[in-house]
Amino acid sequence: GLEANVFHFGAAIAACEKSGAWAVALGLLGDMARRQVVRSTIACNSAISACEKGGQWLRALQLFSEMADSCVEQNTITCNAAISACEKVGEWGW
């Protein structure tokens with residue numbers, strides 16, 4: 001059969017982002033790890049955005065932190081998605 005790769009997972013997680021299906025997006029990221037598919041910045045950004053749309057600011061920040069811990073590149077989109085997740089629930093503490 002067809003072996004899922006980073007592009008397949010990325011497309012599925014992007015679909016989750018559009019619908020706010022944060023739990024499914026996080027499940028797919030877990031599947032990536034179990035199948036030893038390296039997480040991409042794009043897949044993680046989509047998952048963070050899915051969490052943001054679902055009001056899951058803490059999970060968004062956990063994923064943001066996991067990206068740094070696992071050496072997945074964070075970019076402007078990553079930071080904006082994490083900030084937006086916090087902003088929506090008033091957890092932006094300066």
Side-chain angles (χ1 to χ4, degrees):
L2 180 66
E3 188 67 32
N5 64 33
V6 68
F7 300 107
H8 299 123
F9 278 106
I13 294 170
C16 293
E17 172 191 3
K18 291 182 182 7
S19 63
W22 62 271
V24 176
L26 294 180
L28 288 167
L29 283 178
D31 287 345
M32 288 178 81
R34 282 187 288 283
R35 294 176 184 226
Q36 298 180 339
V37 176
V38 177
R39 290 181 178 183
S40 70
T41 300
I42 293 170
C44 290
N45 287 352
S46 292
I48 290 172
S49 291
C51 290
E52 177 254 323
K53 286 180 174 67
Q56 300 295 314
W57 66 272
L58 185 55
R59 291 182 190 264
L61 290 182
Q62 288 170 337
L63 181 51
F64 182 83
S65 177
E66 287 173 19
M67 287 176 73
D69 293 344
S70 60
C71 298
V72 176
E73 180 184 354
Q74 297 168 322
N75 59 21
T76 303
I77 295 168
T78 314
C79 295
N80 286 342
I83 290 168
S84 181
C86 294
E87 180 182 47
K88 286 196 172 175
V89 294
E91 290 295 330
W92 187 245
W94 282 95

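The structure displayed is predicted, hence computed values, not measured ones. All values below were derived from every heavy atom in this structure, side-chain atoms included, with hydrogens, water molecules and symmetry-related copies excluded.
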Item to check | Check: Cys86 and Leu61 side chains under 4.5 Å, non-hydrogen atoms | outcome: yes
Item to check | Any Asp31 side-chain heavy atom under 4.5 Å of Leu28 side chain | outcome: yes
Item to check | Atom pair CZ (Arg34) and CG (Leu29), whose distance is rounded to the nearest 0.5 Å | outcome: 10.0 Å
Next on the checklist: Can you tell me how far apart CD1 (Ile77) and SG (Cys44) are? Round to the nearest 0.5 Å.
Outcome noted: 12.5 Å
Checklist entry - Hey, quick one: are Phe7 and Met32 part of the same hydrophobic cluster, counting side-chain heavy atoms closer than 4.5 Å, chains of contacts allowed? => result yes
Checklist outcome for this item: When every non-hydrogen atom of Val6 is compared with those of Val37, the smallest separation belongs to N-CG1, 3.5 Å
Show me, pair by pair, the donor-acceptor contacts under 3.5 angstrom made by side chains of residues 63-72, not counting sequence neighbours?
residue: Glu66; atom: OE1; partner: Arg39; partner atom: NH1; Å: 3.3
residue: Ser70; atom: OG; partner: Glu66; partner atom: O; Å: 2.8

Next on the checklist: Using the side-chain hydrogen bond (donor to acceptor under 3.5 Å, both in side chains) definition, which of the options Asn80, Thr78, Thr76 pairs with Asn45?
Outcome noted: Thr78
Ignoring hydrogens and angles, write down the donor-acceptor pairs under 3.5 Å from the side chains of residues 9-27, residues two or more places apart or on other chains.
residue: Glu17; atom: OE1; partner: Ser46; partner atom: OG; Å: 3.2
residue: Ser19; atom: OG; partner: Ala15; partner atom: O; Å: 3.3
residue: Ser19; atom: OG; partner: Cys16; partner atom: O; Å: 3.3

